[in-house]
Amino acid sequence: MDDAGKERDQELINRFKEGRTEAFDELVGLHASKLFQTAYGLLGSRQDAEEVVQDAFVRAYKGLDEFRCDASFETWMHRIVLNLARNKYHWNRRRGEGLHTSINERARQSVLSESNMTTQDIPLPDNTYGPDKAMENRELEKNVMRGLECLPDTLREAMILRHVKDLPYENIAEILGCKIGTVKSRLARGREFLKDFLGKLDEGLKVTFKPQDAHAD
Amino acid sequence: MTDANGKAKTLGACPDFEALCAYFDGESKDVAIRSHVESCERCRQELAELSKISNALRRALLDGEQPELVERIKAGVQEKLSRDGKGPSKRAIDFPFWISSVAAGLAVCALGAYVLTHMESSGQPERSASSYEVASAPRQSTTLSAPSRTALDPLEGTSLGSIDLKKLSSASFDGENGAGLIAGAASGEHGKRPAMIEERVKQVWMAPQGLDVKNRIESVLKALSLTDKASLTPSEDGSTMNLSAALDRRQSVLLVRALKSSGFDLLSPSQPQPEQNVFRGNGTESVVYDANFVFKR
């Protein structure tokens with residue numbers, strides 16, 4: 001976020017602390033959309049994502065009086081959203097199938113049910129690329145999201161934070177609580193996997209995710 | 001730079017993928033990488049591939065958004081805060097259960113003692129020393145029934161179906177009464193902490209299911225003699241109704257309270273809130289009031 005954005009947030013926070021509660025409404029208006037994208041990328045469900053973003057703002061409202069400006073409001077909110085989305089994701093996963101089953105599980109289940117693959121085998125391609133560019137783009141988006149769903153949490157979170165708002169590595173590191181070098185590494189591995197994933201889809205090959213890639217930073 | 005055959009001459013070895021990604025993200029300060037990729041066909045292809053993936057991912061994430069997302073999130077936040085009793089908590093940490101229980105017990109005892117002490121006074125709630133009324137505030141006591149209810153009107157036969165104007169006139173403005181009185185108000189207590197009404201107020205209301213929204217808003221405006229200051233416009237798809245009004249601060253407070261009394265639920269946290277009693281500044285300052293009424297489905 002640029003300095004002007006930080007100053008604007010700070011001004012709204014100050015106004016809120018003075019008792020002008022409508023300033024919080026403005027903060028919600030400014031940040032809701034990007035936070036939703038982050039939550040949606042992590043959870044894959046619009047309903048879950050909205051729920052998580054609402055809960056995050058409720059927490060922020062209650063804690064804003066104590067908010068110190070060590071980090072930017074945006075970074076702080078992303079951290080809250082990330083934590084709530086993680087909880088929601090794991091809760092969904094524990095709960096098993098259901099309307100709000102998170103994206104990773106849904107993707108795997110739909111693919112596995114189509115092809116009788118094991119959990120280590122990831123989506124087969126559907127060769128439905130049409131001549132129309134928009135259709136092609138749509139297909140690419142779908143496949144990129146499928147690939148994203150196959151990534152472990154750490155890589156997926158870094159990828160989403162980077163692509164939601166072009167967050168600088170420094171901010172991503174702050175949100176994820178890791179070093180900048182780790183962010184750099186996670187983004188490169190996430191992209192390498194996606195590149196490989198899309199390439200193999202084009203070739204009609206199965207893509208296998210190697211779990212050992214997930215944890216080494 | 002070209003070689004003897006006129007082809008671009010590549011400077012140095014290709015950077016590893018991690019360094020190339022950092023360059024792609026604008027996070028690399030390595031000048032050598034820039035010089036290299038400008039002349040390396042392979043690296044340029046890699047960058048094009050990265051760009052393709054990034055753009056697709058951005059589009060896919062944006063695709064999750066639906067119309068009125070932000071308004072829905074605002075509405076959800078407001079609803080959850082209302083359930084929690086509204087207002088920012090002064091306690092940021094969760095105390096252990098037993099401490100919370102003891103505190104709750106003490107609060108109940110204190111409340112009981114207060115009720116017993118005041119039971120013999122009149123049925124009217126005692127006004128706090130800091131509470132005051134504005135001399136210029138209208139003291140109408142008419143109770144208006146909202147007219148033209150439809151058979152589906154959920155407010156039919158309920159107390160919410162009428163507007164008690166007497167209850168709507170007790171807002172105070174510190175600019176009209178002196179800061180000393182406001183200083184006496186319980187700072188931080190919801191409804192008594194002076195709140196600012198901005199020049200432009202934008203709010204979202206939820207209309208009860210089955211209500212003739214236009215009719216109800218018109219009756220509220222008529223009751224408050226604000227008809228000539230306001231305009232009502234339904235959205236193209238008929239899913240919302242927009243109310244725009246050029247008011248002063250006091251009128252905006254009255255309008256919000258009247259709408260609340262008429263059965264609408266205010267979803268926005270912006271001031272004026274129906275239960276807020278004390279406001280900053282002067283009640284005659286101009287306010288552009290803009291509200292969207294969402295129909296409950």
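Chain letters run A, B, ... following the sequence lines, proteins first and then strands; every chain starts at 1.
- Without hydrogens or angle criteria, A:Ser185 side chain to A:Gly181 main chain gives no donor-acceptor distance under 3.5 Å.
- The greatest number of non-hydrogen atom pairs below 4.5 Å with chain A, out of B:Val77, B:Asp25, B:Ile53, is found for B:Asp25.
- Not one N or O on the side chain of A:Asn171 forms a donor-acceptor pair closer than 3.5 Å with the backbone of A:Leu167.
- When side chains are defined from C-beta on, A:Arg156 does not count as touching A:Pro152, because their heavy atoms never get closer than 4.5 Å.
- For chain A, the nearby parts of B:Ile73 are the backbone and the side chain; heavy atoms of each come within less than 4.5 Å.
- Residues forming a side-chain hydrogen bond (donor to acceptor under 3.5 Å, both in side chains) with A:Thr38 (at least two apart in sequence, or on another chain): A:His78.
- Counting heavy-atom pairs under 4.5 Å between each of A:Val144, A:Asp25, A:Ile180 and chain B puts A:Asp25 at the top.
- Not counting sequence neighbours, B:Arg249 has no partner by the salt bridge (Lys or Arg N to Asp or Glu O under 4.0 Å) test.
- Here A:Asp166 is the residue among A:Leu35, A:Asp166, A:Val183 with the most heavy-atom pairs under 4.5 Å with chain B.
- Using a 4.5 Å cut-off between heavy atoms, B:Glu71 makes no contact with chain A at all.
- With a 4.5 Å cut-off on non-hydrogen atoms, A:Glu26 does not touch chain B at all.
- Checked for salt-bridge contact, A:Arg46 and A:Glu50 miss the test: no charged N lies under 4.0 Å from a carboxylate O.
- Contact tally against chain B (heavy-atom pairs below 4.5 Å) for A:Arg15, A:Glu51, A:Glu192: the top residue is A:Glu192.
- For chain A, the nearby part of B:Glu27 is the side chain; its heavy atoms alone come within less than 4.5 Å.
- Heavy-atom distances place both the backbone and the side chain of B:Lys52 under 4.5 Å from chain A.
- No side-chain donor-acceptor contact under 3.5 Å links B:Arg59 to the backbone of A:Leu140.
- Neither the backbone nor the side chain of A:Arg59 has a heavy atom closer than 4.5 Å to any heavy atom of chain B.
- Of the possible donor and acceptor atoms, none in the side chain of A:Thr182 sits under 3.5 Å from a partner among the backbone N and O of A:Cys178.
- Of the listed residues (A:Ala23, A:Ala60, A:Ala32, A:Ala49), the one with the most heavy-atom contacts under 4.5 Å to chain B is A:Ala32.
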